[in-house]
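Have a look at the structure below, then the notes.
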Amino acid sequence: MRIYLDFNATTPVHPEVCTAMQEMLRENWGNPSSTYIEGARARRAIEEAREQVAALIGANFDEILFTGSATEANNTAIHSIARANDRTRFLSSTIEHPSVDEPLAFLGEQDSKIVQIGVDEAGRLDLTALRLQVDDRTALVAVILANNEIGVVQDMSTIAEIAHRVGAHLHVDATQALGKIPVDVATLGADSLVGSAHKFYGPKGAGFLWARDGVPVAPWIRGGPQEKRRRGGTENTSGIVGLGCAAELARRELPVRSAECARLRDRLWNGIAQGVHSVCRNGSAEHVLPNTLNVEFKGAAGDLLLEMLDGEGVSVSAGAACASGSIEPSHVLSALGRTPLEARATLRFSTGLGTDEAQIDRVLALLPELVARAREVAA
Ligand SMILES: Cc1ncc(COP(=O)(O)O)c(C=O)c1O
């Protein structure tokens, strides 16, 4: 049996989600735009899913737009805000996901000014720098609620206050936070927010954008009346139902899931800190997702460590990628001040449903020997 510790990359589909999706595929395959009974049934299933997603984030159901991914939802949000605004200044952080960075960079190639606000060594946004950079030319402040690599959670309500003081829009990428910590759009002070089903035991290819009532959403994909003309194309009905079901389960089970994830993540970190010398944890240990652990094994070749763990049946992810012979550190670890070599020595572990003590203990038993070998190779 493999040991999967990469739940921030993706999650398995929950059995109840599978059942709901299979039922859609088998029994409820009508086109939701059709006016006869098959269409009406598919439409009802979509609208029920919309309510389930809205309930997960404390929103009104008619403010939810279904998309094909969080990447698409981030693109749609940024595109919409840029179109609706005379303001030309766009602020984000140095630790955003590429699905926020790249649409912003695209705006930067036109007339907009893009400013990335740095983070401190713990991965928390520099609020002083944000206060200095935000002004009445600012259209958007886009900040990731919980980072995918280090799991650090931002003080979003303070960020919202700073953005709103100058009338800027706050866009929140909550893709990693959903299902792991409570997410409530009013508490966060967000104006728009995105998520993706496959990060919380739903299917791939199903995401959503929430935009507060009154926020204009311009279509990113044109060509049909679907989603109130905000996203053309026949709906991915089974994917949407899977997303809704996953959202419902996440809302119900969140306290139990996150307590268990945190217990096992902490067991892993305590075991690593005791059993392997010269290790350090990246990012805040206080403001962090309950399931995420980012560790530097000083002096080790992380790519090799990842490969050896894979060979032993353990899946984790790396803090750096090898591109044509050179080490490309993750931009998140660079933003925290880590050097390329430090990033190369870094692995991310993320726990989830199905992780148990025996798995953690097996990884802890493997690590001392594997890290020593990965250090020899790098030396
Ligand atoms: C923080 C964050 N935002 C956006 C995405 C993109 O999600 P999707 O796979 O639905 O495009 C991811 C996925 O890794 C993510 O971690």
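Remember, it's 1-based here, ligands and their atoms both numbered in the order they're listed. In this text the structure is predicted, and so the values were computed from the model without any measurement.
Remark: Arg263 engages Glu357 in a salt bridge, criterion side-chain N to carboxylate O under 4.0 Å. The residues Arg2 and Asp310 are annotated as salt-bridged, a charged nitrogen and a carboxylate oxygen being separated by less than 4.0 angstrom. The pair Arg373-Glu376 fails the salt-bridge criterion, with no side-chain N (NZ, NE, NH1 or NH2) lying under 4.0 Å from an Asp/Glu carboxylate O. Between Arg267 and Asp361 there is a salt bridge, since at least one side-chain N of the basic residue sits less than 4.0 Å from a carboxylate O of the acidic one. Between Glu312 and Arg362 a salt bridge is recorded (basic side-chain N to carboxylate O distance below 4.0 Å). Note on Glu47 versus Arg50: salt bridge recorded, some NZ/NE/NH1/NH2 to OD/OE distance being below 4.0 Å.
In terms of protein heavy-atom proximity, atom 16 (O) of ligand 1 is nearest to Gln176 NE2, 2.8 Å. In terms of protein heavy-atom proximity, atom 10 (O) of ligand 1 is closest to Ser196 OG, 2.6 Å. Looking only at protein heavy atoms, the nearest one to atom 7 (O) of ligand 1 is Ala70 CB, 3.4 Å. Among all protein heavy atoms, the one lying closest to atom 14 (O) of ligand 1 is Lys199 NZ, 2.7 Å. The protein heavy-atom contact nearest to atom 12 (C) of ligand 1 is His97 NE2, 3.3 Å. Looking at atom 6 (C) of ligand 1, its nearest protein heavy atom turns out to be Thr71 OG1, 3.4 Å.
Under 4.0 angstrom from ligand 1, the non-hydrogen atoms of Ser69 come from both its backbone and its side chain. With a 4.0 Å cut-off on non-hydrogen atoms, Lys204 does not touch ligand 1 at all. Looking at Ile144 against ligand 1, only its side chain comes within 4.0 Å, counting heavy atoms.
Taking every heavy atom of His198 and a limit of under 4.0 angstrom, the matching atoms of ligand 1 come to 8 (P), 9 (O), 10 (O). Atoms of ligand 1 found under 4.0 Å from any heavy atom of Asp173, numbered from 1 in the order shown, are 1 (C), 2 (C), 3 (N), 4 (C). Residue Asn148 approaches ligand 1 through these ligand atoms, each under 4.0 Å from one of its heavy atoms: 1 (C), 16 (O). Heavy-atom contacts of Ser99 reach the following atoms of ligand 1: 4 (C) (cutoff under 4.0 Å).
Residue Gln116 forms a side chain to side chain contact (heavy atoms under 4.5 Å, CB included) with just one option from Leu91, Ile95, Asp101, and that option is Asp101.
Formation of a donor-acceptor pair under 3.5 Å by the Ser334 side chain with backbone atoms of Ser330 is found in this model.
For the ligand labelled ligand 1, residue Glu72 lies outside the 4.0 Å heavy-atom shell.
Residues Thr10 and Tyr4 form a side-chain contact, since some pair of their non-hydrogen atoms from C-beta on lies under 4.5 Å apart.
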